[in-house]
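To keep things clear, I will list the structure first and then write my remarks on it.
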Amino acid sequence: MLMRFEELLGTDFAGRPTGDVDDVIYGGYDHAEHRERVPGLVSLLGDASAADRERYLACLALVAWGEPVGYETVRQLSLDPRNAPWYDLFIDRKFSVDSSYGHLSAAAADSQELAEEKGSSALRVETFRSLIRMADREYFEEKLGDYLDEGVVRACLPDIRDVIRVSVVTRSHSVRAPSHRRARAVA
């Protein structure tokens, strides 16, 4: 049976319609029934004719629920992050840039217990590795660094060092010395 978005993420686990998708996604931690929605979310995620917002929220739920397909989707999209179907759909209000990967990072952080339960902890770490590798190019707000647990930091330390090194080198090359002509005009 094909489930619609409203049934998958617009209905709480007591069967009541809800306007807050976050209640359903994060309510999945306390309700094993979330597993019944996984096949429908996988179908929705892969449906190119579905609305980009719905596909993104399906991915977010799958990641939050420690599902391998959610982690694998994030890992694949991290190879070309701006080519995600939902890129630029969720814009940070302060900086006016895409914030979708920050939310996916937070969902991955919150998925630790379910990932352990479902045997997908290694994929969770690899997902963080993929997110860390693009941290110098995409906006995460505090949702990447602040949410990394000690095990992920230890496993991804070389990647963290590399992205910091690349970012410092890139930024130092983009900083221009003041123009002598402009300096004289000001003096």
Side-chain angles (χ1 to χ4, degrees), residues 2-13 17-93 95 97-118 120-121 123-135 138-149 152:
L2 184 63
M3 295 178 78
R4 295 183 352 252
F5 178 80
E6 292 79 21
E7 296 166 305
L8 294 166
L9 295 175
T11 305
D12 68 18
F13 293 102
T18 179
D20 193 348
V21 174
D22 285 343
D23 286 348
V24 178
I25 293 173
Y26 296 104
Y29 298 133
D30 300 322
H31 295 277
E33 299 89 357
H34 76 266
R35 296 168 195 256
E36 297 167 10
R37 299 182 188 201
V38 168
L41 290 169
V42 171
S43 293
L44 178 59
L45 178 61
D47 183 357
S49 67
D52 293 340
R53 175 186 176 274
E54 293 177 1
R55 292 178 71 195
Y56 174 76
L57 292 171
C59 185
L60 189 70
L62 291 166
V63 170
W65 295 346
E67 292 294 330
V69 71
Y71 294 142
E72 287 294 343
T73 299
V74 173
R75 291 180 62 215
Q76 281 296 38
L77 291 172
S78 73
L79 299 173
D80 187 8
R82 294 180 182 204
N83 201 30
W86 49 74
Y87 196 82
D88 277 343
L89 189 62
F90 297 93
I91 302 295
D92 176 76
R93 291 179 186 164
F95 295 109
V97 294
D98 177 81
S99 63
S100 61
Y101 290 102
H103 296 289
L104 289 166
S105 175
D110 291 339
S111 72
Q112 182 176 9
E113 190 175 311
L114 283 174
E116 289 170 4
E117 186 180 306
K118 295 177 179 184
S120 57
S121 293
L123 276 174
R124 178 179 175 268
V125 170
E126 289 306 310
T127 299
F128 274 119
R129 188 180 314 284
S130 297
L131 292 167
I132 289 165
R133 288 178 181 158
M134 63 181 197
E138 294 301 322
Y139 179 70
F140 285 90
E141 198 174 348
E142 81 287 345
K143 293 179 175 80
L144 184 57
D146 286 357
Y147 288 97
L148 297 178
D149 58 78
V152 170

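In this chain, residues are counted from 1 in sequence order. Remember, predicted model here, so these are calculated numbers, not experimental data.
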Problem - Qualifying residues under ring pair (Phe, Tyr, Trp, His ring centres under 6.0 Å), relative to Phe13, sequence neighbours excluded - result: His31

Exercise for the section: Return yes if some donor-acceptor pair links the side-chain N/O of Ser120 with the main-chain N/O of Pro68 below 3.5 Å, else return no. Expected result: no

Problem - Distance (rounded to the nearest 0.5 Å) between Ile25 CD1 and Leu60 CG - result: 4.5 Å

Completion exercise
The reported gap from OG in Ser99 to CG in Leu104 (rounded to nearest 0.5 angstrom) is 9.5 Å

Exercise for the section: For Ala58, enumerate each residue passing the side chain to side chain contact (heavy atoms under 4.5 Å, CB included) test, keeping only those at least two apart in sequence or located in another chain. Expected result: Leu41, Leu44, Leu45

Exercise for the section: Would you give the length of the straight line joining atom CG of Leu57 to atom CG of Leu89, rounded to the nearest 0.5 angstrom? Expected result: 8.5 Å

Exercise for the section: Among residues two or more places apart or on two chains, list those pairs meeting salt bridge (charged side-chain N to carboxylate O under 4.0 Å, His left out) that have a residue in residues 54-71. Expected result: Glu67-Lys118

Handout entry: Residues which pass ring pair (Phe, Tyr, Trp, His ring centres under 6.0 Å) with Phe90, listed by chain and number, not counting sequence neighbours
Key = Tyr56

Practice task
Just jot down the salt bridge (Lys or Arg N to Asp or Glu O under 4.0 Å) partners of Glu117, sequence neighbours excluded, or say none.
Solution key: Arg35

Practice task
Using side chain to side chain donor-acceptor pair (under 3.5 Å) as the criterion, list what pairs up with Arg133, not counting sequence neighbours.
Solution key: Asp159

Handout entry: salt bridge (charged side-chain N to carboxylate O under 4.0 Å, His left out) contacts in which one or both residues fall within residues 74-84, not counting sequence neighbours
Key = Glu72-Arg75, Arg82-Glu138

Exercise for the section: Would you please name every residue forming a side chain to side chain donor-acceptor pair (under 3.5 Å) with Glu6, sequence neighbours left out? Expected result: Arg4

Problem - All side chain to side chain donor-acceptor pair (under 3.5 Å) counterparts of Asp47, not counting sequence neighbours - result: Ser49

Practice task
Take atom CD of Glu113 as the centre, draw a 6.0 Å sphere, and report whether it contains more than 12 heavy atoms from other residues, nucleotides or ligands.
Solution key: no

Exercise for the section: Kindly write out the residues that satisfy side chain to side chain donor-acceptor pair (under 3.5 Å) with Asp98, not counting sequence neighbours, or none if the list is empty. Expected result: Ser100

Practice task
Look up atom CE in Met134 and atom CZ in Phe140, then write down how far apart they are to the nearest 0.5 Å.
Solution key: 4.0 Å

Practice task
Please list, chain by chain and in numerical order, all residues satisfying ring pair (Phe, Tyr, Trp, His ring centres under 6.0 Å) with Tyr139, sequence neighbours excluded.
Solution key: Phe95

Practice task
For Asp149, enumerate each residue passing the salt bridge (Lys or Arg N to Asp or Glu O under 4.0 Å) test, keeping only those at least two apart in sequence or located in another chain.
Solution key: Arg124

Practice task
Please confirm whether the backbone N or O of Tyr101 pairs with a side-chain atom of Ser105, one donor and one acceptor, at under 3.5 Å?
Solution key: no

